[in-house]
Amino acid sequence: MLAINLIREKKDFIIERLRVKNFDASETIEKILALDTSRREIQVKTDSLQAEMNRISKEIGTLMKAGNKEEAEVARQKTFALKEEIKILSEKIGPIDNDLKTEIVRLPNLPHESVPAGHGADDNEIVRSGGVLPVVTDTALPHWDLIKKYDIIDFELGIKLTGAGFPVYKGKGAKLQRALITFFLDQGEKAGYDEVYPPIMVNEDSGFGTGQLPDKEGQMYHATLDNFYLVPTAEVPVTNIYRDVILSADQLPIKNIAYTPCFRREAGSWGAHVRGLNRLHQFDKVEIVRIAHPDHSYESLDEMVSHVEGLIVSLGLPYRILRLCGGDMSFTSALTYDFEVWSAAQKRWLEVSSVSNFESFQANRLKCRFKDKGDKQTTLVHTLNGSALALPRIVAAILENNQTEEGIRVPKVLVPYTGFEIIN
RNA sequence: GGAGAAAUGGCGGAGUGGUCGAUCGCGGCGGUCUUGAAAACCGUUGUCCGCGUAAGCGGACCGGGGGUUCGAAUCCCUCUUUCUCCGCCA
């Protein structure tokens with residue numbers, strides 16, 4: 001959510017920046033400014049009437065104490081008209097506030113100045129790439145065949161238990177999941193992240209805080225009986241830890257890491273490129289979250305990018321890092337780097353991480369602020385997060401890239417966690 | 001799920017209709033004293049909105065929402081949460 005002050009003061013700047021995201025903000029902003037003006041007008045009036053009301057009420061109290069009943073009654077008579085006027089005005093302000101919020105919440109975050117213009121994936125900018133593309137034979141199998149061959153992930157069984165997109169991991173497949181999760185968490189801890197294990201269902205306020213609600217309601221599973229949402233990412237519960245919190249500057253940056261299952265409805269998005277592990281309704285992910293000082297949030301972003309890059313390198317996967325263009329980035333983000341790894345048999349890049357700085361956009365929804373020593377005012381923090389990493393596509397790439405005639409070689413760094421070197 | 005009790009500022013804990021944004025203690029911050037520190041003493045200490053260049057002024061907030069009243073932390077309704085007892089349970 002953009003700050004109302006910014007909208008008041010830099011309307012043209014906002015409209016121009018949001019063009020990069022292919023969003024025409026002019027109409028919404030005009031509505032916002034009109035609502036804001038009338039809200040303030042009404043507030044000025046009600047505040048002064050209320051001040052008068054408070055003054056008279058105190059006077060009545062004093063008169064009553066002095067036993068001056070007649071004068072108290074005269075004063076009391078004066079309040080009736082005032083009270084009515086206040087009531088009429090204040091009944092106007094509620095709906096205006098609601099409309100104002102509805103409109104403000106529709107504005108996406110402003111893209112950072114380094115964000116390239118563009119409409120889709122083709123316009124993303126390749127920042128750098130690393131690793132060596134593996135040479136595989138023509139007989140190389142895609143992961144959906146490999147998992148059957150070695151009986152490590154069972155989609156049909158998942159369909160029986162739940163439905164499509166909820167696979168069952170078996171034997172070495174299950175153990176590989178556990179190994180990756182623990183490896184990622186351990187690497188995060190080494191990099192100074194504090195681990196949390198949050199609830200994987202959240203309430204409406206949390207969904208709003210990080211920007212999933214109200215607009216992306218259909219993307220989350222919704223337990224309607226209790227009005228809870230299954231988390232689409234650990235970003236939601238972990239960032240919301242800091243909802244309605246005022247931090248002191250010396251606590252920043254806060255660095256959290258969390259493993260959670262993630263749930264995504266992905267309604268309508270099943271098609272050609274989503275076979276096997278490429279897109280699931282339930283998957284595992286380790287997420288890093290940072291709460292940063294506004295002056296240092298881009299340093300934080302760079303550190304997070306390096307951390308994620310280190311993980312991919314240590315797994316020996318070829319990768320590239322993209323700076324997303326305006327049209328491909330999320331509603332809430334100011335700058336996003338996507339990480340893609342090469343999947344040998346599918347012969348395509350798979351997105352395995354997305355690292356973003358949200359600047360104060362989420363913080364303003366969350367009301368997460370900080371105060372420096374001696375500061376009178378609070379300031380919004382910057383929030384950031386990134387996958388470190390999402391498992392299924394990493395597993396797909398490991399399976400496809402590392403397949404040999406003897407079986408699938410487990411990356412060296414994972415062997416202490418899996419206890420085996422080969423899946424066969 | 002049933003019965004009862006409770007929810008006050010960073011924490012503890014007063015306050016049952018009138019000058020209470022809220023006594024007091026702890027903590028925090030600033031100062032005096034000290035070579036330094038501690039102790040002691042003095043002062044200070046929340047958030048949001050609006051008006052104002054500013055100093056400042058006004059409004060709102062005592063779990064959330066609504067109501068009664070000239071006036072609500074205090075009374076009423078409702079929701080949520082916590083605690084105790086009973087039931088169920090990994």
Side-chain angles (χ1 to χ4, degrees), chain A residues 1-9 32-105 197-209 213 223-229 237 240-252 254 261 360 363-381:
Chain A
M1 183 164 78
L2 297 177
I4 185 73
N5 286 339
L6 190 73
I7 301 175
R8 279 179 202 147
E9 290 158 20
I32 290 170
L33 291 176
L35 286 165
D36 181 53
T37 304
S38 59
R39 195 189 69 87
R40 278 145 78 197
E41 271 169 18
I42 294 171
Q43 197 191 331
V44 168
K45 278 185 208 154
T46 45
D47 280 3
S48 70
L49 291 175
Q50 192 62 56
E52 175 68 1
M53 192 73 172
N54 289 344
R55 199 189 57 73
I56 297 175
S57 291
K58 273 187 185 175
E59 194 182 300
I60 292 173
T62 317
L63 290 169
M64 296 289 276
K65 235 175 208 172
N68 197 339
K69 289 226 169 103
E70 294 79 30
E71 277 191 51
E73 183 54 29
V74 171
R76 202 172 77 89
Q77 294 298 329
K78 283 196 286 190
T79 65
F80 298 146
L82 259 179
K83 201 182 175 185
E84 189 57 29
E85 215 176 330
I86 290 169
K87 196 183 165 198
I88 291 166
L89 281 173
S90 58
E91 275 169 1
K92 279 189 193 163
I93 217 161
I96 290 178
D97 262 338
N98 282 339
D99 291 351
L100 191 56
K101 196 173 179 191
T102 308
E103 293 299 330
I104 281 188
V105 152
Y197 184 70
I200 58 175
M201 290 183 119
V202 295
N203 59 29
E204 234 179 308
D205 285 346
S206 295
F208 178 81
L213 296 177
T224 53
L225 207 55
D226 296 290
N227 201 22
F228 293 152
Y229 294 87
N240 271 281
I241 292 173
Y242 307 98
R243 171 155 49 84
D244 292 321
V245 169
I246 297 173
L247 299 155
S248 67
D250 55 24
Q251 289 177 275
L252 303 175
I254 289 172
S360 60
N364 195 30
R365 290 173 159 243
L366 294 158
K367 300 293 170 244
C368 178
R369 293 146 293 169
F370 76 98
K371 233 177 166 177
D372 217 334
K373 253 191 190 160
D375 274 1
K376 242 188 147 181
Q377 276 199 321
T378 59
T379 311
L380 292 170
V381 299

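Treat the numbers as computed from the prediction; the structure is a model and nothing was measured. Each chain gets a letter, A, B and so on, in the order its sequence line appears, and its residues count up from 1.
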[X] side chain: which of [options] is closest?
X: A:I60; options: B:G71, B:G58, B:G18; result: B:G18
X: A:A51; options: B:G46, B:G59, B:U19; result: B:G59
X: A:R39; options: B:G18, B:G59, B:G50; result: B:G50
X: A:R369; options: B:G46, B:C48, B:G58; result: B:C48
X: A:I246; options: B:C70, B:C49, B:U47; result: B:U47

Could you state the [atom1]-[atom2] distance from [X] to [N], rounded to the nearest angstrom?
X: A:E91; N: B:G66; atom1: CD; atom2: P; result: 11 Å
X: A:K87; N: B:C70; atom1: NZ; atom2: C1'; result: 16 Å
X: A:K371; N: B:C29; atom1: NZ; atom2: P; result: 14 Å
X: A:N5; N: B:G50; atom1: CG; atom2: P; result: 7 Å
X: A:D97; N: B:A60; atom1: CG; atom2: C1'; result: 12 Å
X: A:E84; N: B:C70; atom1: CD; atom2: P; result: 12 Å
X: A:Q43; N: B:C57; atom1: CD; atom2: P; result: 18 Å
X: A:L49; N: B:G50; atom1: CG; atom2: P; result: 18 Å

All ring pair (Phe, Tyr, Trp, His ring centres under 6.0 Å) counterparts of A:Y242, not counting sequence neighbours: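 A:Y242: no ring pair (Phe, Tyr, Trp, His ring centres under 6.0 Å) contacts found.
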Please work out if [X] contacts a base, only the sugar-phosphate, or nothing of the nucleic acid, heavy-atom cut-off 4.0 Å.
X: A:T79; answer: sugar-phosphate
X: A:M64; answer: base
X: A:Q50; answer: sugar-phosphate

Checking A:D372 side chain against A:A249 main chain: does a donor-acceptor pair fall under 3.5 Å?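 Not at all, since once roles are kept as given, no pair shorter than 3.5 Å links the two residues.
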Please answer whether the main-chain N or O of A:K58 pairs with a side-chain N or O of A:T62 as donor and acceptor at a distance below 3.5 Å.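 Side chain of A:T62 to backbone of A:K58: a pair is present.
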Looking only at the side chains, is there a donor atom on one of A:N203 and A:S206 sitting less than 3.5 Å from an acceptor on the other?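 Looking only at side-chain atoms, A:S206 and A:N203 do form a donor-acceptor pair, the distance falling under 3.5 Å.
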Ignoring hydrogens and geometry beyond distance, is a side-chain donor-acceptor pair present between A:N68 and A:E71 at under 3.5 Å?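 There is such a pair (donor and acceptor under 3.5 Å, judged by atom type) between the side chains of A:N68 and A:E71.
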What stems involve RNA chain B, if each pair must be Watson-Crick or G-U and both of its distances must be under 3.5 Å, with 3 or more such pairs in a row?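 The stems are B:1-7 with B:80-86, B:10-12 with B:24-26, B:27-32 with B:40-45, B:46-51 with B:56-61, B:63-67 with B:75-79.
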Has [X] got a side-chain N or O lying under 4.0 Å from the OP1 or OP2 atom of [N]?
X: A:N54; N: B:G59; result: yes
X: A:R40; N: B:C51; result: yes
X: A:K83; N: B:G71; result: yes
X: A:R8; N: B:G50; result: yes
X: A:T378; N: B:C48; result: yes

Does any donor-acceptor pair link the side chain of A:D47 with the base of B:G59 at a separation under 3.5 Å?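 No.
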Does a side-chain N-to-carboxylate-O contact under 4.0 Å join A:R55 and A:E52?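 Yes.
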Determine, for A:D97 against A:K101, whether the closest basic-nitrogen to carboxylate-oxygen distance falls under 4.0 angstrom.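 No.
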